[in-house]
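Mind having a look at this structure? Questions to follow.
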Amino acid sequence: MKINFTLNGKSAEIDADPMAMALDVIRDLDLTGTKEGCGVGVCGACTIMVDGEPVSSCICVVGTLQDREVWTVEGISEKMPDLIEKFIDNEGMQCGICTPGQIMAAAAISSVDITSEEDIKKYMAGNLCRCTGYQTILNAVEDYLAIN
Ligand code: FES
Ligand code: FES
């Protein structure tokens, strides 16, 4: 089935099984920044942004992306370089597997009313870090939002 959507700010058309997982389809497009962690919608490593909302691409069938606006970490890196810089400045990564998902969640957080560290923690609770580098990730997001 032909699926048309906007991908990282550009029109895209792919020919795919509509029931294929968006994670696999996106990675097959050489956008391998999106990682698979748990594969069952629990860890957030595979987070992409769909119409401004963070979505776990490992449990999102690609047919649902028809006519939607989709961003991956590659596009967000170009669109929001300040956010990436804050992750680097704060060393908000260790092994890096969760990092793209953390960045995508943080990118989506910008459009939500966040006023405290607790708000950030609650919003990003779905993004797990098996290296347990939560404090530096939190510092990076706080720094980006400048609420600390
Ligand atoms: S890989 Fe998708 S939520 Fe864990
Ligand atoms: S940096 Fe390793 S899982 Fe988060």
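Ligands are counted one by one from 1 in listed order, and the atoms in each one are counted from 1 as well. Just so you know, these numbers use all the heavy atoms, side chains as well, and skip hydrogens, waters and symmetry mates.
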Please verify whether a non-hydrogen atom of Gly96 lies at under 4.0 Å from ligand 2. yes

Out of all atoms in ligand 2, which are within 4.0 Å of some heavy atom of Cys129? Include the element for each. 1 (S), 3 (S), 4 (Fe)

Could you see which bit of Val42 sits under 4.0 Å from ligand 1, with heavy atoms only: side chain, backbone, both or neither? backbone

Run the numbers for me: atoms of ligand 1, each under 4.0 Å from some heavy atom of Gly39, listed by number. 1 (S), 4 (Fe)

Does Cys58 bring an N, O or S atom to within less than 2.8 Å of atom 2 (Fe) of ligand 1? yes

Cys43 heavy atoms, cut-off 4.0 Å: which ligand 1 atoms fall inside? 1 (S), 3 (S), 4 (Fe)

Just by distance, do the side chain of Asn127 and the backbone of Gly101 share a donor-acceptor pair under 3.5 Å? yes

heavy-atom search around atom 3 (S) of ligand 2 in the protein gives Arg130 N, 3.2 Å

With a cut-off of 4.0 Å, which atoms of ligand 1 are near a heavy atom of Cys38? 1 (S), 3 (S), 4 (Fe)

Give a yes/no answer: is there an N/O/S atom of Cys95 under 2.8 Å from atom 2 (Fe) of ligand 2? yes

Give a yes or no on whether the backbone of Met19 and the side-chain of Asp17 come within a donor-acceptor separation of less than 3.5 Å. yes

Check each of Val62, Thr32, Ile14, Ile48 against Ile26 using the side chain to side chain contact (heavy atoms under 4.5 Å, CB included) test, and report the only one that passes. Ile48

For atom 2 (Fe) of ligand 1, decide whether Cys46 has an N, O or S atom at a distance under 2.8 Å. yes

